[in-house]
Number of protein chains: 2
Amino acid sequence: MNIGEIAKRAGVSRSTVSYALSGKRRVSEATRRRILRVIDEAGYRPNANARALAEGRTRTIALVIPPAGRSLTPIQLGFVAGVVAAASLHELDVLLSPSGGEHDRSFERIISGRRVDGVILMEVRLQDARAARLRESGLPFVAIGHTADAGTGCWVDLDYEGLIGNCVHHLADLGHRAIALINRPQEFLDSGYGPARRALDGFTAAAAARSLTATAICCPDDAMAGEACVENLLAAHPAITGIVTANEAALPGMERALRRLGRAVPGQISITGVVGRHWAEEFHPPLTAADVPISDLADRAVELLAERISSPAGPERHVLLAPPISLRSSTAPPVQRAECDPALASQGSHAECLTS
Amino acid sequence: MNIGEIAKRAGVSRSTVSYALSGKRRVSEATRRRILRVIDEAGYRPNANARALAEGRTRTIALVIPPAGRSLTPIQLGFVAGVVAAASLHELDVLLSPSGGEHDRSFERIISGRRVDGVILMEVRLQDARAARLRESGLPFVAIGHTADAGTGCWVDLDYEGLIGNCVHHLADLGHRAIALINRPQEFLDSGYGPARRALDGFTAAAAARSLTATAICCPDDAMAGEACVENLLAAHPAITGIVTANEAALPGMERALRRLGRAVPGQISITGVVGRHWAEEFHPPLTAADVPISDLADRAVELLAERISSPAGPERHVLLAPPISLRSSTAPPVQRAECDPALASQGSHAECLTS
DNA sequence: GCCTTGTGTCGAATCGGTTCGAGCGCGCCT
DNA sequence: AGGCGCGCTCGAACCGATTCGACACAAGGC
């Protein structure tokens with residue numbers, strides 16, 4: 001069933017059918033109705049490939065997911081779902097492309113085969129080969145996170161530097177003097193992964209501004225590692241009363257470690273950070289944190305890309321999101337060590353130990 | 001840059017370029033080399049849409065993800081990643097399609113626009129409108145989970161019935177007499193979601209076969225609900241010593257509830273079930289469970305689909321996976337209430353309380 | 001020397017749409 | 001009445017590939 005068959009049955013030419021469908025030229029009401037009836041009876045839909053070939057656009061975008069497929073975090077997952085939903089509203093389909101290692105062929109196939117009108121690139125690095133390849137190809141793309149030359153290209157990103165800084169200020173305001181950062185894994189930092197770098201920068205700068213004693217450590221992306229990290233951290237730096245985390249996957253382990261060490265939250269240790277809302281709410285007690293606005297991020301990325309596709313010569317826009325800190329119940333002023341009996345605190349009755 | 005331009009530069013016809021690339025007819029070695037050199041210099045790749053139009057196939061498959069995009073579980077996420085990886089090995093691209101509600105237009109667009117050669121359908125229900133639509137369209141598809149008429153169509157699935165049954169038998173072998181099933185949410189059961197139904201069937205049948213006292217409850221897919229479920233369960237049925245779970249998302253909450261109630265695992269309560277490997281290993285203590293072989297599932301689905309695409313008239317094959325139970329450390333023989341001091345057990349020294 | 005066989009290449013049709021220029025018939029204005 | 005403009009429709013070109021039948025030319029057999 002193709003457009004020619006419809007034309008024949010309706011007794012018109014192929015172009016008239018096309019115009020009746022697209023509305024790009026006027027078609028008399030009588031003819032239009034007749035054509036639509038035939039189409040309805042035949043259950044006809046235009047072939048997407050033929051249309052793409054003729055129009056020169058595919059109405060499809062590619063979403064390039066991070067290299068190691070196995071390490072997709074729930075936050076990334078949420079982003080994928082968000083992009084699909086947002087694209088659906090723009091009448092765009094989403095082609096998923098893995099990247100890295102043997103899967104680079106897939107990426108290359110999609111780009112150079114002109115299968116898509118634009119690309120969303122997840123998890124870009126400060127130096128990113130895929131971004132360079134895309135720039136060379138001339139295909140519109142939006143990066144999630146920004147590359148080293150932040151001025152060029154479109155991107156949407158989270159203001160990790162500012163957000164982590166806000167967390168530090170929040171702890172400082174409460175009176176904490178010794179704090180720590182639990183960052184993403186060391187190799188992320190080494191390979192120039194923006195969020196990890198900027199989290200560290202923001203932490204260091206804010207801590208210095210408030211003259212805090214600050215310790216930053218990296219932690220692999222899983223609960224077991226989180227448990228070990230917190231144990232080692234508190235053993236090595238017993239004075240620490242506040243923790244800022246940029247690593248949500250480690251949270252369950254952190255919770256376990258604190259419980260096992262008998263440190264009450266927020267009685268003895270305050271915790272905050274930048275994590276997905278889901279993780280913040282599942283923490284015990286609910287985490288005071290800057291919730292990562294994952295579906296906003298997805299919406300904005302698709303919006304930017306759609307705009308760029310329709311006018312490739314337009315300005316290269318950037319979006320830097322900075323969600324507010326949601327106050328829940330994992331932060332409080334630090335205990336005064338001298339005045340407070342640890343036994344009391346571990347039983348949860350730390351009210352009388354609070355400082356001013 | 002298109003095939004005509006390459007032909008001109010190499011001084012041959014367009015068809016010769018096509019044959020040199022596809023190898024479907026012989027081309028003299030000299031000509032072939034010349035063409036390839038020109039292609040290399042120009043950085044030419046065939047336009048995927050034009051090729052699809054001419055060949056009548058798109059080299060793309062659709063992956064239809066569950067209705068509510070927001071509630072994708074990590075296990076589903078893993079499946080998506082697995083499908084993309086497997087498809088990449090077959091030189092297939094993956095188009096992601098949401099389904100349900102307003103997103104059904106996207107599904108319809110992909111199917112009737114002939115954008116794909118085949119479809120993988122996640123989370124099918126026993127009665128499934130999308131499966132019916134696909135059958136009607138004649139497009140090859142593979143379902144994850146089977147529909148009510150299991151004999152027709154291709155599918156891959158997990159043998160939930162058998163696996164949950166095995167878990168029951170495992171507990172029975174250890175000597176447990178009163179056990180419970182923590183199933184997926186009630187509405188899943190009501191809407192005819194296969195895994196939930198079959199988990200319940202398998203549990204009931206195996207418990208009956210071993211003459212166990214069995215309680216089955218449903219639990220929403222999150223940690224908070226898991227915590228509440230376990231508390232209520234143990235309050236209402238204090239005799240229970242073994243729990244089988246089909247709900248991995250509830251696991252962290254279950255762990256918290258047991259800890260708060262002071263029930264040692266596996267000292268006082270044994271836990272097992274069917275859950276993703278990741279969840280099993282993150283549990284404390286590591287969970288004895290039938291690990292869901294998620295990437296196997298994805299591989300087999302893609303394999304079946306690829307086979308069906310290349311020979312649509314072939315047999316409709318099914319795959320039912322039944323992974324073995326991985327013994328970790330969350331199950332043990334139940335304590336003899338009369339002989340055992342709960343205080344001892346809660347300190348982890350339950351060795352002297354074991355039966356037979 | 002002619003016919004056969006086979007190798008390598010070409011031209012044209014095809015896939016299923018979109019789009020542009022042209023043409024036809026009609027009503028209106030002068 | 002003739003000319004003009006307008007509304008509607010048609011035919012043909014085009015997008016960029018694949019594929020089939022045909023043809024040119026060289027080698028080999030009689």
Side-chain angles (χ1 to χ4, degrees), chain A residues 1-36 38-39 42-60 91 93 109-117 137 139, chain B residues 1-36 38-39 42-60 91 93 109-117 137 139:
Chain A
M1 185 53 55
N2 58 24
I3 201 174
E5 183 61 26
I6 298 296
K8 196 191 301 176
R9 294 197 193 177
V12 297
S13 74
R14 299 195 304 149
S15 50
T16 303
V17 176
S18 179
Y19 287 126
L21 239 32
S22 71
K24 295 190 181 173
R25 278 197 191 176
R26 280 202 58 85
V27 171
S28 75
E29 187 56 26
T31 316
R32 209 177 61 84
R33 233 196 280 279
R34 183 156 32 98
I35 291 175
L36 291 184
V38 171
I39 284 178
Y44 162 79
R45 299 286 156 207
N47 179 304
N49 280 299
R51 184 201 290 248
L53 178 57
E55 280 189 316
R57 60 172 174 155
T58 60
R59 300 164 189 268
T60 305
E91 307 263 271
D93 290 323
R109 190 167 58 228
I110 289 171
I111 304 309
S112 53
R114 303 264 134 189
R115 296 196 65 123
V116 296
D117 297 334
S137 81
L139 217 51
Chain B
M1 186 54 54
N2 58 26
I3 201 174
E5 183 62 26
I6 298 296
K8 196 191 300 177
R9 294 197 195 178
V12 297
S13 73
R14 299 194 304 150
S15 49
T16 303
V17 175
S18 179
Y19 287 127
L21 239 32
S22 70
K24 295 191 181 174
R25 278 198 191 174
R26 281 200 59 85
V27 171
S28 76
E29 187 54 24
T31 316
R32 207 176 63 83
R33 235 196 279 278
R34 184 154 34 96
I35 291 174
L36 291 183
V38 171
I39 285 178
Y44 161 81
R45 299 284 157 208
N47 179 304
N49 281 299
R51 184 203 289 250
L53 179 57
E55 280 189 315
R57 60 172 175 156
T58 61
R59 300 164 188 268
T60 306
E91 308 263 273
D93 291 322
R109 192 168 56 229
I110 290 172
I111 304 310
S112 54
R114 304 260 133 192
R115 296 196 63 120
V116 296
D117 296 335
S137 82
L139 215 52

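Worth saying up front: this structure is predicted, and the values here are computed from it rather than measured. Note on naming: letters A, B, ... go to the chains in the order of the sequence lines (proteins, then strands), and numbering restarts at 1 for each one.
A:Glu55 places its CD atom 22 Å from the P atom of D:dA13, with the value rounded to the nearest Å. Here D:dA17 presents its P atom at 16 Å from CZ of B:Arg57, a figure rounded to the nearest Å. Computed from coordinates, the A:Arg115 CZ to D:dC15 P distance equals 21 Å when rounded to whole Å. At whole-Å resolution of the value, NZ in A:Lys8 and P in D:dC10 are 15 Å apart. Between A:Leu21 atom CG and C:dT18 atom P the separation is 7 Å, expressed in whole Å. The distance between atom CD1 of B:Ile3 and atom C1' of C:dC10, rounded to the nearest whole Å, is 13 Å. Distance A:Arg32 CZ to D:dT9 C1': 16 Å, rounded to the nearest Å. Rounded to a whole Å, the CD atom of B:Glu29 is 10 Å from the P atom of C:dG8.
Screening B:Thr16, B:Val27, B:Val17 for a side chain to side chain contact (heavy atoms under 4.5 Å, CB included) with B:Arg32, the sole residue that qualifies is B:Val27.
Within 6.0 Å of CZ on A:Arg109 lie more than 12 heavy atoms contributed by other residues, nucleotides or ligands.
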Residue pair B:Arg25, B:Ser15: steps toward the side chain to side chain donor-acceptor pair (under 3.5 Å) verdict
CA-CA 10 Å; B:Arg25 278 198 191 174; B:Ser15 49; over 6 Å; no
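The side chain of A:Pro46 lies closest to C:dG17, out of C:dG17, C:dT9, D:dC20. Side-chain atoms of B:Leu53 lie closest to C:dC15 of the nucleotides C:dG17, C:dC15, D:dT18. Of the candidate nucleotides D:dT19, D:dT9, C:dT9, D:dT9 has the atom lying nearest to any side-chain atom of A:Thr16. In this structure, the nucleotide among C:dG11, D:dC10, C:dG17 sitting nearest to the side chain of A:Val12 is D:dC10. Closest to the side chain of A:Ser18, from the set D:dA17, D:dT9, C:dT18, is C:dT18.
Counting non-hydrogen atoms under 4.0 angstrom, B:Ser28 reaches the backbone sugars and phosphates but no base. Note on B:Thr31: only backbone sugar-phosphate atoms sit closer than 4.0 angstrom, heavy atoms only; bases stay farther off. Contacts of B:Gly11 with the nucleic acid, taken as non-hydrogen atoms under 4.0 Å apart, involve only primed sugar atoms and P, OP1 or OP2.
At a threshold of 4.5 Å between non-hydrogen side-chain atoms, the residues A:Arg114 and A:Thr58 do not count as touching.
Contact annotation: B:Lys24 side-chain N/O to D:dT19 OP1/OP2 distance is under 4.0 Å. Side-chain nitrogen and oxygen atoms of B:Arg26 include none within less than 4.0 Å of the OP1 or OP2 phosphate oxygen of C:dT7.
A donor N or O paired with an acceptor N or O is found under 3.5 Å between the base of C:dG11 and the side-chain atoms of B:Ser15. No N or O donor and acceptor, one from the side chain of B:Arg14 and one from the base of C:dG11, sit under 3.5 Å apart. The base of D:dC20 lies close enough to the side chain of B:Tyr19 for a donor and an acceptor atom to sit less than 3.5 Å apart. Between the base of C:dT18 and the side chain of A:Arg51 there is no donor-acceptor pair shorter than 3.5 Å.
Distance CZ/B:Arg115 to CZ/A:Arg45: 15.0 Å, rounded to 0.5 Å.
Residue whose closest nucleotide on DNA chain C sits further toward the 5' end, between A:Asn2 and A:Arg25: A:Asn2.
Summarising the geometry of A:Leu21 relative to A:Tyr44, their closest heavy-atom pair is CD2-CE2, 4.0 Å, with the distance given to 0.1 Å.
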